[in-house]
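Quick caveat: nothing in here was measured; it's all calculated off a predicted structure. The chains referred to below are lettered A, B, ... by the order of the sequence lines, with proteins before strands, and numbering in each begins at 1.
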Amino acid sequence: MVLWTLIAVMTVVAVVAVIVPLVLQSGKKLTPAAAHDVAVYKDQLDEVSRDLDSGLINSAEAEATRAEIARRLLRASEAEEKAQPPKRSRMPWAAAAAAIVLVPVISVALYLAVGSPGIPDQPLSARAPATSPHGGDVARLLEGAEAYLKDNPSDGTAWSLVAPVYLRVNRPSDAVTAFGKAIELLGSNAKLQIGLGESIVAREGGKVVEDAKAAFRRALEHAPDAVEPRFFLAVALNQEGSFKEAAAAWEEFLKTTDPREAWVRFARSELEKAQKGAGLPVKMPEVAAAPQAQPQQPAAEAPAAPGPSADDVAAAREMNTEDRQSMINDMVARLAERLETDGGSADEWIRLMNAYMVLGKKDEARQAAAKAIAAHGGDAAARARIEQAAGGLGIPL
Amino acid sequence: MTRKQRRLSLIGIAGVVVACAVGLILYALTDQIVFFQSPTDIAEHPVPPQQRIRLGGLVKEGTVVRGQGTTVTFTVTDTANDVPVTFTGILPDLFREGQGVVVEGMLAAGGTFAADTVLAKHDENYMPKEVADSLKKQGVWRDTETN
Amino acid sequence: MIAELGHYALVLAFALSLIQSVLPIWGSQRGDPRLMAVASPAAAAQFLFVGLAFAALTQAFVQSDFSLELVWANSHSTQPLIYKFTSVWGNHEGSMLLWALILAFFGALVAAFGHNMPATLKANVLAVQGWIAAAFLLFILTTSNPFARIFPAPMEGQDLNPILQDIGLAVHPPLLYLGYVGFSIAFAFAAASLIEGRIDAAWARWVRPWVLIAWIFLTLGIAMGSYWAYYELGWGGWWFWDPVENASFMPWLTGSALLHSAIVMEKRDALKVWTILLAILTFSLSLLGTFLVRSGVLTSVHSFASDPTRGVFILLILATFIGGAFALFAWRAPSLRRGGLFAPISREGALVFNNLFLTAACAAVLIGTLYPLALEATTGEKISVGAPFFNMTFGPLILPALIVMPFGPFLAWKRGDILAVAQRLAVVLGLVILTALITAWAMDGGPLLAILGIALAAWMMIGAIADIASRIKLFRVPAGNSLRRAVGLPRSAWGTAFAHFGVGVTVLGIVTTSAWQLENIRVMKEGETATIGGYEATFLGSEGRAGPNYREIAARFRIARDGRELGVMTPSKRVYTARGMPTSEAAIRSIGFSQIYLAIGDEMNAGGVAVRLYWKPLVLLVWLGCVVMAFGGLLSLSDRRLRVGAPTRARRTVAAAE
């Protein structure tokens with residue numbers, strides 16, 4: 001409301017600035033343009049006299065210059081006399097009316113098209129406490145951790161804890177260092193190598209470079225089934241232009257992964273890119289039967305996401321913010337639509353509620369909870385699970 | 001001099017100046033420009049040894065060798081062909097293995113490129129345009145910048 | 001809410017600029033004073049609202065409001081406050097907003113101080129300014145909106161490109177833009193006079209202060225940018241003939257020509273059509289510079305992002321304004337009353353000479369800048385046009401203008417006496433030859449070209465002093481008398497002398513640095529000493545340090561001369577953590593006008609670091625000369641003659657001699 005009041009005030013100021021001269025300037029005498037020329041030429045004549053007095057020019061030069069300026073002065077004076085008096089017309093009223101209408105209409109219409117009046121300011125000071133999972137300030141936590149690590153640089157566990165935080169707050173270089181330290185001190189394992197690889201990718205702006213590939217390969221040695229290494233190694237193949245190998249890797253990847261996972265959509269587009277690049281026909285593989293797959297859900301349909309999980313972020317990092325946001329919104333919307341038309345399990349409803357909460361859409365989350373309870377009215381166990389989940393997410397019922 | 005003559009002489013002087021300028025520019029354009037080549041261009045159409053060129057590509061991984069003093073050797077590749085390069089001086093901040101680079105200098109005997117200038121990218125998202133184009137031709141590099 | 005208010009203010013400014021584009025010009029065509037009077041308050045309100053938008057964006061940057069996509073992409077919460085400010089224009093969208101703000105600022109200045117111009121001229125000037133503002137505000141709102149939002153806001157920002165995190169950047173773009181955009185007013189004057197179909201000596205008086213302001217800022221902006229590149233990029237070079245530098249240099253060259261031709265127009269009622277053409281050309285080159293830098297046609301540190309729609313939009317603006325202006329010119333120029341002709345040996349003759357060579361030199365720069373683009377677009381062949389091309393073309397073309405420069409102020413208007421001037425300058429020539437001989441003796445000969453260069457610089461500097469000396473009759477009348485004359489001399493005369501002296505200073509700096517610079521690149525281990533230009537630099541060791549948003553390895557060098565210690569220099573290599581990007585920070589020590597320049601490179605496998613040492617004799621004069629030139633411009637601007645023109649105030653008697 002305050003916003004729209006201030007917008008109204010600003011608009012009034014703008015309109016007043018335009019119409020005041022139209023209304024007030026009732027017909028002040030307009031000096032003809034030639035009168036200004038006359039003034040300048042007279043000044044030039046004075047100048048010549050001064051130059052002559054100070055000896056910068058001799059009298060012959062001064063006379064010649066004076067004669068020339070006088071000719072111009074004469075011409076300007078004639079023009080001044082011939083100048084026509086300004087016209088008066090009723091046009092200003094039309095112009096004023098147009099300004100009163102057009103300024104607000106143009107600006108409000110354009111603002112509604114490009115602006116986002118619903119989004120509040122979110123300065124760092126207002127944002128920091130709310131975004132931390134523990135209600136504390138992440139930056140302050142990190143500062144504490146850094147101070148601790150300065151004194152205890154050989155605490156591998158501490159390094160392994162702080163490393164993912166660095167990655168989350170977009171300090172990938174520090175994350176690379178921290179993961180490296182943790183690996184050095186704790187020994188290599190799949191989780192740390194994956195973290196290292198992801199940090200390097202983030203540092204290189206999404207490019208899977210040689211160092212990152214090496215980290216992912218080491219991760220695969222520890223855990224051959226891990227998803228992230230296979231994902232990023234396949235990304236790397238596409239980036240390098242080895243499309244044939246990439247296509248094979250993506251097909252393999254999609255066959256062995258849960259089709260409801262967040263990265264599947266990205267993986268499919270990468271596969272398509274690889275197939276096009278390799279000159280192969282674009283063809284999506286049969287997807288492995290997912291655990292708990294719903295019978296009414298066609299296997300190949302793109303899955304829904306439970307909001308931005310860590311894996312999501314990994315997949316979405318390749319995109320820019322807008323794409324990422326719209327991808328998440330898309331997926332949530334599709335899940336909601338499917339659940340409302342076809343129904344779904346209690347778990348799926350809970351996932352939708354969770355997604356809405358993460359996106360900050362409290363009302364939608366509450367509606368989803370109500371619908372879920374209505375859909376599972378006959379199933380006491382499911383209903384209890386939904387109510388419990390709603391409580392856990394802080395959704396008022 | 002009459003008015004007309006004065007005007008003509010003024011135009012004449014201006015014409016002479018313009019002619020001199022055009023002549024200078026044309027001469028400099030044939031003589032003082034540097035062509036951009038990729039390793040493949042050099043392999044396909046060898047350039048005469050005394051001609052200055054710009055060579056662009058990726059710094060091949062594992063080829064950077066720091067020799068005596070500040071002399072550095074490395075290999076510039078477009079994945080299809082390689083050109084060995086020697087350079088004496090300080091490399092730019094963003095010179096890295098596996099990254100794009102443009103070097104300027106002359107091809108010495110034996111196919112080694114003696115560079116006197118090494119240009120790396122200005123920031124982490126910037127790929128010298130010429131390098132990007134020639135790598136795209138080889139299918140190596142794709143736009144990954146998002147901002 | 002503040003961000004959204006800023007956004008709305010920007011939209012409102014656009015709506016106002018549309019009103020400002022239409023009503024005043026309609027009024028001037030109909031001769032209706034009320035419609036014309038809309039121009040001034042509309043321009044003032046437009047400035048107010050663009051200012052509000054800019055303030056809102058600044059506030060978002062200072063408070064790290066990452067719900068604005070622009071803030072998120074170009075700022076980081078750990079940045080020092082000063083760089084949160086400079087981040088506002090360290091990116092495409094913000095810098096375009098700054099562009100629009102400065103445009104609106106100049107519009108408001110014309111509205112506030114243009115009371116001595118005829119009402120129709122003022123109305124038309126502000127209307128043309130409204131067209132430009134409308135085009136650029138629409139560009140910002142549709143393709144480069146700085147107020148695009150993200151929700152929810154990300155935790156942390158992407159940081160500003162580290163090489164832009166520097167105090168030089170804080171002032172370079174605003175100065176440059178004040179120059180670029182300032183020429184829009186000259187353009188608006190030219191277009192307005194073409195629309196009205198009348199142009200005369202008085203026009204030159206009104207347009208001159210605006211050209212002067214723009215020229216002063218452009219001079220300082222170019223100097224600042226050059227100094228920034230010198231110390232931040234770590235190569236020790238101060239001019240690279242980079243297309244982006246050329247883009248700012250070309251309007252400076254034509255702007256300088258415009259400055260001089262406007263004098264001829266005012267004094268002799270001549271060169272009118274040429275002056276109009278120069279005004280259009282200068283702003284066209286400013287727009288071309290904006291296009292080259294902003295469209296991503298050139299990849300450089302300045303092209304923050306290359307988005308094809310932006311490039312096409314700017315190209316459209318460019319084509320509309322340049323094409324429109326030239327069409328108007330072709331249509332109206334033949335009907336303008338022709339001015340008088342003059343003798344070649346005269347003050348105006350010298351000024352024409354200056355114009356001829358300045359524009360020819362500008363053409364050489366233009367061709368060298370655009371030729372690679374044109375060649376690649378037509379044949380696909382990639383070339384680079386570097387310093388050798390520009391040295392070979394620009395050098396010889398600017399040289400005659402520099403040599404003739406001291407003659408100009410000595411020549412009389414209408415018909416000068418070259419022999420009398422030559423007699424007066426004979427003393428100067430004697431002093432110049434003496435300077436050259438002393439230099440040659442002190443430098444043990446030295447390259448002939450460098451000695452000639454020194455002579456040229458001395459010729460311009462001593463010539464400028466001689467100009468003042470002869471005007472105040474120094475040594476020909478008693479000293480007190482001379483002093484009185486000096487005080488009474490019009491400020492524009494002092495301005496000319498200072499500006500011309502400044503050119504000489506810059507040339508001197510360029511010549512000494514190019515000819516006698518010393519360079520020593522070597523690998524140094526701790527405890528080793530290298531010498532450069534008689535100074536010894538001892539490598540004391542290196543240490544890691546942490547800054548607010550970077551880490552660095554700083555190497556410490558003790559600088560001594562003849563065993564006497566002068567201090568410690570610490571060049572460093574930084575890594576900015578958010579982007580993981582390394583930069584070099586050179587260490588510079590000024591000794592008089594000369595500098596020792598130290599930069600470090602990579603650590604060597606065999607131990608030790610690569611070190612680059614330079615001795616840059618008199619290098620500071622390169623930029624100091626620009627400051628002197630700008631000061632000359634400022635003096636000229638303060639000349640009271642420039643404020644004359646209003647019929648009521650014409651009784652003032654003001655002395656002014658050029």
Side-chain angles (χ1 to χ4, degrees), chain A residues 2-3 6-7 10-11 14 17-18 20-22 25 27-28 30-31 33 35-37 39-40 42-43 46-47 50-51 56-57 61 64-65 72 86-87 89 91-92 95 99 103 106-107 110-111 114-117 119-125 127 131 168-174 203 321 360, chain C residues 1-5 7-9 11-12 15-16 18-19 23 30-35 37-38 41-42 45 63-67 69 77 117-121 141 145 149-153 155-156 200-202 205 269 412-414 471 575 577-578 580 644-647 650 653-657:
Chain A
V2 185
L3 176 73
L6 288 172
I7 282 179
M10 280 159 67
T11 315
V18 174
V20 158
L22 290 178
Q25 189 126 7
K28 217 167 68 181
L30 196 67
T31 16
H36 294 265
D37 289 348
V40 169
K42 281 181 179 161
D43 181 60
D46 291 341
E47 220 178 282
R50 290 294 293 258
D51 282 0
L56 285 176
I57 50 176
E61 282 170 351
T65 314
R72 282 186 239 150
K87 284 183 216 132
S89 65
M91 285 317 279
V103 169
I106 292 175
S107 38
L110 192 55
Y111 175 70
V114 296
S116 346
I119 300 183
D121 284 347
Q122 295 176 322
L124 188 67
S125 50
R127 198 173 61 241
T131 39
R168 264 200 65 195
V169 300
N170 197 13
R171 286 168 62 179
S173 305
D174 290 324
R203 188 187 66 192
T321 331
Chain C
M1 189 185 74
I2 292 173
E4 290 304 312
L5 278 180
H7 199 169
Y8 184 73
V11 173
L12 205 51
L16 278 169
L18 289 180
I19 300 281
L23 291 192
R30 295 179 54 87
D32 187 322
R34 284 182 292 185
L35 283 174
V38 171
Q63 303 214 334
S64 298
D65 186 347
F66 298 134
S67 69
E69 191 177 343
S77 62
M117 317 191 300
T120 46
L121 180 63
L141 285 167
N145 197 326
R149 307 294 295 269
I150 328 176
F151 188 83
M155 263 305 289
E156 193 44 274
D200 40 43
R205 269 205 183 188
D269 203 28
W413 292 101
K414 287 194 78 138
R471 274 164 199 264
V575 176
T577 43
V644 172
T653 49
V654 183

What part of C:L23 lies closer than 4.5 angstrom to a heavy atom of chain A: side chain, backbone, both or neither? side chain
Pick from A:V2, A:I106, A:V114, A:T65: which one has the most heavy-atom pairs with chain C under 4.5 Å? A:V114
Is it the side chain or the backbone of C:L16 that comes within 4.5 Å of chain A heavy atoms, both, or neither? side chain
Would you say C:Y8 and A:L3 make side-chain contact, with heavy atoms under 4.5 Å? no
Please flag which part of C:A3 lies under 4.5 Å from any non-hydrogen atom of chain A: side chain, backbone, both or neither. both
State, to 0.1 Å, how close C:P41 and A:A17 come at their nearest heavy-atom pair, and which atoms those are. CB-O, 3.2 Å
Would you say the side-chain atoms of C:E4 pair up with the backbone N or O of A:S116, donor to acceptor, closer than 3.5 Å? yes
Using modelled atom types and a 3.5 Å cut-off, is there a donor and acceptor pairing between side-chain atoms of C:R149 and backbone atoms of A:G115? no
When you measure from the side chain of C:D65 to the backbone N and O of A:D121, does any donor-acceptor pair fall under 3.5 Å? no
Where does C:L5 contact chain A at under 4.5 Å (heavy atoms): side chain, backbone, both or neither? both
